[in-house]
Amino acid sequence: MAAPLCVEVEFGGGAELLFDGVKKHQVTLPEQEGPWDIRNLLVWIKKNLLKERPELFIQGESVRPGILVLINDADWELLGELDYQLQDQDSILFISTLHGG
Amino acid sequence: MPESKVGTAQCEYPKQPTSLPPMPAPTCSSCHAARAALRRPRSGQALCGSCFCTAFEAEVLHTVIAGCLLPPGAVVAVGASGGKDSTVLAHVLRELAPRLDITLHLVAVDEGIGGYRDAALEAVSSQAARWELPLTIVAYADLFGGWTMDAVARSTAGSGRSRSCCTFCGVLRRRALEEGARLVGATHIVTGHNADDMAETVLMNFLRGDAGRLARGGVLGSAGEGCALPRCRPLQFASQKEVVLYAHFRRLRYFSEECVYAPEAFRGHARDLLKRLEAARPSAVLDLVHSAERLALAPAARPPPPGTCTRCGALASHALCQACALLDGLNRGLPRLAIGKGRRMLQAEPPLPGNSSQATSDPAAPQGPCTCEQSRDGATLCKEGGDRAGATCVLQSDVSPSE
């Protein structure tokens, strides 16, 4: 059982274009039966924040290859990726790398 | 301004305590003080943001020094688009410039793509001001008789299954960068191609049957035969992910929109394939680059040594360099003329004046022989050329790998 959580979800590198151009979102995740982890955060984002073309952000139950995920400024690979359990006041940043440079 | 968005799902369950401890991140294995922010893919080493940036810069320095890419005293023209790669490239070279004893000029190319390039150039201008580096902007419209990319796109629209305007842009942008570099008196040109870009190019060359370009276009850069300036890519062993992470930890601002024509470019297919391969085998990106470096051509496949363009004097594998051949095709209203068919028809003709975008395409244009790699006898059309809709055969490049 997870209590409501306040987290900051941020989008960069062009990913924000899928979210009305808004980069930072202060999010309150409601109480739910299981814990809040990145896996169900993505489901929540797809349902509540994503404005267009979900296939450009999400692939299966994870992010599309080429989108980096930083949790509190650390690569999610170090923290368990989809299994990382969210804490109150966490900051999750999604950076797209899929454009010319 | 932060936006507040509240979730709408509602559940009714009795509260129970959950206190799973947060997963601990390891400590940086370099400074042993800060929390690690990432793990280097090749060494598996966990580093904090600051130590990672230091390591990244040291690797770029090593790439430049080990390859003797930018000797002391070099005047370096940095191809600057405002995007993530050239932003990181310029920032790192600026840090390293005193140690390398080089001077930097930013050169930005204005292809004339409305709604895209103008915004990107604003980003470059503000970077130049922030870094206090000189900036020179060269425009297609000035260099190529009024042909902006938007005009090229209109001219090539509907002439094939996928738009070929990106093929033009690759060739013309290289020429434009060369011109800009000469304007500022540069001795070397650098571009921000990263390992992923290089791997995509390798795939594209394989997929187009362009063995000559594969064998010629890899490694550290072209030495600059004839009058062409030497070019190199200091970031070419840096993975795209690490380029983005470097920009993040150094708080670098860059322009991150996709070119309006990019969805139609062939490179997108190579990129998708590469991303899927990388998910299955992370080392595939660098392994592709290294494989291409080690390829040697069979004697029969080796291209003849390049000469010079009869019109502009640039390095060329045929009588006309690729840029002049493409521009000729555009000016005659036959944009596909220089892509795969009838190129020999162009070589004997005098140049047409300026921009004749009012010229209509001539579907009855004579079919000439295909001079690409797949048709070595010069008489048979390769299956990618000819007058089929969607013909995608592209000729040999002059010096460096093309789009």
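Sequence lines set the chain letters: A, B, ... in the order given, protein chains first and strands last, and positions in each chain run from 1.
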remark   = Between Ser256(B) and Gly13(A) the two heavy atoms that sit nearest each other are OG-C, 3.3 Å
query = How long is the span from the CD1 atom in Ile95(A) to the CG atom in Leu245(B), to the nearest 0.5 Å?
reply = 6.5 Å
query = What are the two closest non-hydrogen atoms of Glu258(B) and Leu98(A), and how far apart are they?
reply = OE2-O, 4.3 Å
inquiry  = Working to the nearest 0.5 angstrom, can you tell me the gap between Leu47(B) CG and Asp75(A) CG?
reply    = 11.5 Å
ask   = chain B heavy atoms under 4.5 Å from Leu86(A): which part of the residue, side chain, backbone, both or neither?
value = neither
ask   = At a heavy-atom separation under 4.5 Å, does Arg35(B) approach chain A through its side chain, its backbone, both, or neither?
value = side chain
request  = Side-chain contact test, heavy atoms from C-beta onward, threshold under 4.5 Å: evaluate it for Lys241(B) versus Leu68(A) and give yes or no.
outcome  = yes
request  = Could you check if a side-chain atom of Asp73(A) sits within less than 4.5 angstrom of a side-chain atom of His248(B), using non-hydrogen atoms only?
outcome  = yes
inquiry  = If I measure from the heavy atoms of chain A, does Ala36(B) come under 4.5 Å with its side chain, its backbone, both, or neither?
reply    = both
query = How long is the span from the CD atom in Glu257(B) to the CG atom in Leu17(A), to the nearest 0.5 Å?
reply = 5.5 Å
